[in-house]
Amino acid sequence: RSMTVVMAAYSPTLFWDGRAPAAFVDPVTNQVLLPTSAALESQALLPFLNDVEMGHVGRTVTDLVDRVTNSVPLAMASNLPGPLAAFVAGRTYPQLFGLAFGTSVVTPARIAMAIATYERELVPDRTPFDLGTLSPIARLGEQVFNGVGRCNVCHIPPLFTDHNFVNLGVRPIAEDLGRAIVTSLPADRG
């Protein structure tokens, strides 16, 4: 199961093993483009290139750029708001990249930045918790969460996380290298 990208803008690293770091490195030039707070950019391209997730075996960043360059923006979308449909109508991705980045060149880094920009907007701020309008039953749940359940020790509001990596015991440590894939530390297995 994938982690949600809702509120992911506040995460210092992303993916279950943290392989998307805070620094964003251009996948073509290996130059650091964004030294901090760029875990969203770091994660944006990885699923497209991973044959276990969305990619195909052997897919490269060049293949991804070609696919984006030659695709019709929002072609598969339905129920588009009128202003968005009018804005995108007849435009190509290179034209849209020109509006966003100043030139129409589609690059892997720009694709990552475009996706990350969208994901940064996924911030729910109108929930009953945010508005202070929890129902009576939800308030009881909050008391358990903050009291005997001690959930709030790790799930610290308002993000409800401490950003630590924890073995949840879903798979035996022998089967799951977990964070150790990134850190090479035996203590991070699982």
Closest approach of [X] and [Y], non-hydrogen atoms and distance?
| X | Y | result |
| --- | --- | --- |
| P108 | V28 | CG-CG2, 3.7 Å |
| L122 | P124 | O-CD, 3.8 Å |
| V88 | P73 | CG1-CB, 3.6 Å |
| A116 | L40 | CB-CB, 3.6 Å |
| G132 | R139 | O-NH2, 3.4 Å |
| P12 | A39 | O-CB, 3.7 Å |

Side chain to side chain contact (heavy atoms under 4.5 Å, CB included), paired with F15, selected from P47, P21, S42:
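With F15 as partner, side chain to side chain contact (heavy atoms under 4.5 Å, CB included) holds for just one option, P47.
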Rounded to the nearest 0.5 Å, what separates atom [atom1] in [X] from atom [atom2] in [Y]?
| X | Y | atom1 | atom2 | answer |
| --- | --- | --- | --- | --- |
| I115 | L45 | CD1 | CG | 6.0 Å |
| Q31 | D26 | CD | CG | 7.0 Å |
| W16 | L168 | CH2 | CG | 7.0 Å |
| L74 | R91 | CG | CZ | 12.0 Å |

What about [X] and [Y], same hydrophobic cluster or not, with Ile/Leu/Val/Met/Phe/Trp/Tyr joined at side-chain heavy-atom distances under 4.5 Å?
| X | Y | answer |
| --- | --- | --- |
| L14 | L34 | no |
| L33 | V65 | yes |
| V6 | V123 | yes |
| F24 | I111 | yes |
| V105 | V68 | no |

Side-chain ([X]) to main-chain ([Y]) donor-acceptor, under 3.5 angstrom:
| X | Y | answer |
| --- | --- | --- |
| R189 | A174 | yes |
| R59 | F48 | yes |
| N70 | D66 | yes |

If you look only at pairs with a residue in residues 136-157, which of them pass as a ring-ring contact (aromatic ring centres under 6.0 Å, His included), with sequence neighbours excluded?
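Found F145-F160.
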Write out all pairs satisfying ring-ring contact (aromatic ring centres under 6.0 Å, His included) with one or both partners inside residues 56-102, taking only residues at least two apart or from two chains.
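Found F97-F101.
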Taking transitive links into account, so neighbours of neighbours count too, which hydrophobic residues share a cluster with V32 at under 4.5 Å side-chain distance?
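Result for V32 is V25.
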Pairs flagged by side-chain hydrogen bond (donor to acceptor under 3.5 Å, both in side chains) wherever residues 159-173 is involved - sequence neighbours left out:
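Found D162-N164.
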Is there any side-chain hydrogen bond (donor to acceptor under 3.5 Å, both in side chains) pair reaching into residues 114-133, and which pairs are they, with sequence neighbours excluded?
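Those involving residues 114-133 are E41-R120, Q43-E119, T127-D130.
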Does atom CD1 of I137 have more than 12 heavy-atom neighbours, drawn from other residues, nucleotides or ligands, at distances under 6.0 Å?
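Count not over threshold, so no.
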Set of salt bridge (charged side-chain N to carboxylate O under 4.0 Å, His left out) partners for D17, sequence neighbours left out
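Once residues adjacent in sequence are excluded, the partners of D17 under the salt bridge (charged side-chain N to carboxylate O under 4.0 Å, His left out) criterion are R19.
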